[in-house]
Amino acid sequence: MLSPERNRTLTSVGPDTPMGNLMRSYWLPVLLSSELPDPDCQPVRVRHLGEKLVAFRDTSGTVGLLDEFCPHRRASLVLGRNEEGGLRCVYHGWKFDTSGACIDLPSEPPTSSFKQRVRTKSYPCIEAGGAIWAYLGEGEPPAPPAFEWMAVRPEQRFVSKRLLECNWAQALEGDIDSSHASILHSRLNPADYAEFEGARELLYFDGDRYPRYEVFDTDFGMTMAARRNAEPGSHYWRGAQYIMPIFVMIAPFDDPLPQMNMWVPMDDGNTMVWALHWHPDRNLTQDELERRGSNLYFHCTQFEDGTSEAGSSWIPKANSRNDYLADAEVQRTKMYSGIEPLWCQDKAVQESMGTITDRVHEHLAPSDLAISRWRQKILATVENPVQLEELPGRDPQTHRVRPPHFVAPENADWRSRMEEESRIA
Amino acid sequence: MLSPERNRTLTSVGPDTPMGNLMRSYWLPVLLSSELPDPDCQPVRVRHLGEKLVAFRDTSGTVGLLDEFCPHRRASLVLGRNEEGGLRCVYHGWKFDTSGACIDLPSEPPTSSFKQRVRTKSYPCIEAGGAIWAYLGEGEPPAPPAFEWMAVRPEQRFVSKRLLECNWAQALEGDIDSSHASILHSRLNPADYAEFEGARELLYFDGDRYPRYEVFDTDFGMTMAARRNAEPGSHYWRGAQYIMPIFVMIAPFDDPLPQMNMWVPMDDGNTMVWALHWHPDRNLTQDELERRGSNLYFHCTQFEDGTSEAGSSWIPKANSRNDYLADAEVQRTKMYSGIEPLWCQDKAVQESMGTITDRVHEHLAPSDLAISRWRQKILATVENPVQLEELPGRDPQTHRVRPPHFVAPENADWRSRMEEESRIA
Amino acid sequence: MLSPERNRTLTSVGPDTPMGNLMRSYWLPVLLSSELPDPDCQPVRVRHLGEKLVAFRDTSGTVGLLDEFCPHRRASLVLGRNEEGGLRCVYHGWKFDTSGACIDLPSEPPTSSFKQRVRTKSYPCIEAGGAIWAYLGEGEPPAPPAFEWMAVRPEQRFVSKRLLECNWAQALEGDIDSSHASILHSRLNPADYAEFEGARELLYFDGDRYPRYEVFDTDFGMTMAARRNAEPGSHYWRGAQYIMPIFVMIAPFDDPLPQMNMWVPMDDGNTMVWALHWHPDRNLTQDELERRGSNLYFHCTQFEDGTSEAGSSWIPKANSRNDYLADAEVQRTKMYSGIEPLWCQDKAVQESMGTITDRVHEHLAPSDLAISRWRQKILATVENPVQLEELPGRDPQTHRVRPPHFVAPENADWRSRMEEESRIA
């Protein structure tokens, strides 16, 4: 449990909050590149870390991320016209480039020097891995993120996004919690797993529901290792990497693709969840693509507004207003939740806690060690500020990891193996 | 009029409020038994006295009422799986019985004693009269309620429920106010009453619009007697019993069936209204059933979501969003309100006052004596706490009353007759 | 920019606020006369200056404007029955005439004097120019408003109303700001103006986008004169009159009809916008009527609820929930905003600023002189109270003005001409 004050510290991400300051020390993803498909395309409203922003792609293809509101009279630049080299407010025509400089101010005479005195707030952006990343912090941004999925060709990865209507922290806590996999994502009858080809992991989850955790600090954040009994005399080790401040790597499940999730706070009550799968060496197979495009496993691909890609509201078709399309009969006979898509099982429990969960009245158990250690770690980081360069996970060299999982004899040196299998050449 | 402070005292029902404490000293109805139709059926979300709860019926048929949120990580147990002997949280599988004890905790080893340290909030429930009643207070609950309708067979009663989107007190005040019957529920042309077979009462309401009240304290709460002129030389006396804290008995109207209403506070801004009719000695007739199932008199039987029974949102089809389906032409030519269902006439005026009516700026008249006496009574009760056993209406022996009404000569001993006709053998 | 405190002073219109008091010193329009079409028609809910009111037309045709809530038990009189000489509350039948006197109180005996002690809040109303005007202030109201459009026959004017979901002040500021016409209301290709017969003004707007302002105080408020270059050696002068507290006269545009807008605050976050065109001497032509009825220029004639007249919600079909039906392709190729109706271009930018715009973080330019002078003027008026009679624009004699515009040689005495053309004989 946390005190009300520390729960607030953990969950508040706006400007001038301790956690908000930590978030602002990293490059974070704000949009898919495909949401700004072409030079001079329509600008897009962005809600990020409690700030109201507008993103646009200029004529040269460069992305800008500005204060949503024109510094002149505060009309929204989401209504703006994206034209030759900048975004123009449609109210009086003031035009800004991606750096926030005012490059046209037609409501004053050409001879006026007023234009030079006008700037708008702008944040540096980069594009990498099919995503647009922004740095909202003070000082020099770090080098760009360098996760493995960002380096592979688009054909080697699968990316999806969805809106989660609750605070980021209770969502991320679900991701570093291996023990819920044995219930929330489980079938009542283990024989049902036969349909999941090669889903050895599911049987381990089912056979041993109380994983023992080993958690250790790393230069990117923390590694959580969950140990379960496997075949007699051996253990199933499952690693997850928490990379500060919002990234979690999850070991493969059901096929050889590792997963990374990004829990991007839009504000204190809404989170944009990015799910990523990739193969380091080859294109994804048709089967791998179909499974991920099916809306049933880790990726939401059906949205409330009927669209499925850039331009969507990113609100899943199954959401709290329709009780996540849960089926009582399926819950009675087949699975714990009655909610079919795996990602939606997580969404349902995470949102059901309320916008910000009441950590004062919870009861953490020994199997919640990863969660309690994670809170200690991130709260210690925001409560005891260090030099930016010393922040775990800020140096992209630390991103070169991959989530390991393996079966090993009981007395094996699991930790060496985990570290070795985590490292990317 | 009340001061703002006393209006707050009257209307606030959450935990640790004076009125909330009074409410918690009684068994109150929370669900129809039919809302939990079978052992191990789906759990149901309950909003009651400002608390968020979940109700379920276990394998043995016993009803449990728990904190909505699992004490582990605060996922909602409304998503839970109701299985062999308890309700299981679908997040990590913690399972609770109706007493709030944790009876399975699969995320820890079987050898762990952690389970014994976990309990969740649970409230005692009983079932009687086709309803589930809960006791949310401190100490030993009283004996179960014993209203007459609870003792008869289901064929002898008619029960309905509906959501009212305002505070409970302004709703109950409508129920103990006989004078509005002469206007709100009246026709413009008394000849129209001919269609109501035997509706002698309607003619009395119409013929004498300013009832004189006699109000006296009883062991259950208060009796309100409204006197109107009847045939020359005689009075029509109409009794209503207020049984603490939320029950009102209403004299028959239009046929021989007495009525009881229960104004159950869900929170300070929403009230679940239960309407009950019954016959002490025989089944209801087809005609009596049809009249009550018609949606036009006292019972709401048409809901916004198209369902009409357990599982409904209980939001009436006619509500504030559609101006109660009022018909201006009917209002012009036939009745004061233009709203057809009688219960909905009450709903419309009660909700129109706002979520919590402004008792600071009202003007009570002599004909509002019952209301002002009721407020005095209930506010005195919460402001001067007594022993639980001394609370009016807490002992179910006091529930054995029936609402009387009769025509008597002007100089008759009306009060003796009222007391006599109130008493159930 | 303003301080947060002065921004609050400028934008708060409720009872007992400085700006609310100024507003209450004038007759302001609350309804179209056609919204209360007949004697004894249905009453209408009115939201005005942060107060909840109900308007009705009594049997004699007189309009009453009362507190929405019955002084008895606070039921809404919007549910009331409008009958012989007054509005009757449907709860207990208390009936009020247009003066707020209680003229029937059937829940008390006829001999009771209680009725004499009951009054409800009522505000004086007048009808003129097809509108119902109310005076919510202290003391004697001034003589009725006497704008030119009020004196002409209905066939000589065109009136429309629409709801604007933001504060009144940022809306009115758009009206006294000539410079935005060169962008927000402009086409990308000046050749497109050919379709606007006689739209000489549009070419001036396009040819000179940085108007120079001359602003001077008058007995009604202020006159703003915007000067643009016209043909060589001449200026195009465009006058707008701000008549305290919410009226703006706009020079003709595209045909000879002057315009007046009324920015009526419903509360701090909603404004009823009235747009008026008229011809002083003749009926409007079919062409003039069609243009105004087309929904494309200054008048909103398509509403969300499908109705188009009295009884409408007055919510435009194009609104923030549907992104003002903006067309990205039109924005790319034809006009700055992509929003077709001219009035909706204003609505979009005004609402996009948020409910109350953040005047602390704006940057006014020299071309915003009219706006900064307007704020100085109105804030000085509320911050330095004067006698009611001294308030600009309160005496209807001052209303006899008309917005002038003309092309004049560079060295002409523009100000004398503007004053002369403003005056109505």
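The structure presented is a predicted model; accordingly, all values stated were derived computationally and were not measured. Proteins come first, then strands; the chains are lettered A, B, ... in the order of their sequence lines, and each starts at number 1.
Within 6.0 Å of CD on C:Glu138 lie no more than 12 heavy atoms contributed by other residues, nucleotides or ligands. For C:Lys121, the NZ atom sits in a packed shell: over 12 heavy atoms of surrounding residues, nucleotides or ligands are nearer than 6.0 Å. Heavy-atom neighbours of B:Glu410 CD from other residues, nucleotides or ligands within 6.0 Å: above the threshold of 12. No more than 12 heavy atoms of other residues, nucleotides or ligands shown are found within 6.0 angstrom of NZ on C:Lys52.
Residue C:His72 holds its NE2 atom at 6.0 Å from OG of B:Ser179, rounded to the nearest 0.5 Å. To the nearest 0.5 angstrom, B:Ile339 atom CD1 is 5.5 Å from C:Leu79 atom CG. The distance from atom CD1 of B:Ile183 to atom CG of C:Asp104, rounded to the nearest 0.5 Å, is 7.5 Å. Considering CG of C:Leu105 and OH of B:Tyr210, their distance stands at 12.0 Å, rounded to 0.5 Å. Going from atom OG of B:Ser182 over to atom NE2 of C:His92 covers 9.5 Å, rounded to the nearest 0.5 Å.
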With side-chain contact (heavy atoms from CB on, under 4.5 Å) as the criterion, how do C:Val90 and B:Gln331 come out once you've worked through the C-alpha distance, each side chain's angles and the decisive distance to 0.1 Å? CA-CA 10 Å; C:Val90 297; B:Gln331 182 172 32; 3.8 Å; yes
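The part of B:Arg332 that comes within reach of chain C is its backbone (N, CA, C, O), which places non-hydrogen atoms under 4.5 angstrom from that chain. If you measure heavy-atom distances from C:Gln42 to chain B, the contacts under 4.5 Å come from the side chain alone. For C:Arg117, no part lies under 4.5 angstrom from a heavy atom of chain B. For C:Cys70, no part lies under 4.5 angstrom from a heavy atom of chain B. For C:Tyr91, the parts sitting under 4.5 Å from any heavy atom of chain B are the backbone and the side chain alike. Interface remark: B:Met335 contributes backbone atoms only to the contact with chain C (heavy atom separation under 4.5 Å).
Taking 4.5 Å as the heavy-atom cut-off, the residues of residues 353-367 of chain B that approach chain C are B:Met353, B:Thr357, B:Asp358, B:His361, B:Glu362, B:His363, B:Leu364, B:Ala365, B:Pro366, B:Ser367, ordered by number. Within residues 166-177 of chain B, the residues having any heavy atom closer than 4.5 Å to a heavy atom of chain C are B:Gln170, B:Glu173, B:Gly174, B:Asp177, listed by residue number.
Of the listed residues (C:Ser112, C:Cys89, C:Cys41, C:Gly93), the one with the most heavy-atom contacts under 4.5 Å to chain B is C:Gly93.
With B:Ser352 contributing its side chain and C:Ser76 its backbone, the two residues share a donor-acceptor pair below 3.5 Å.
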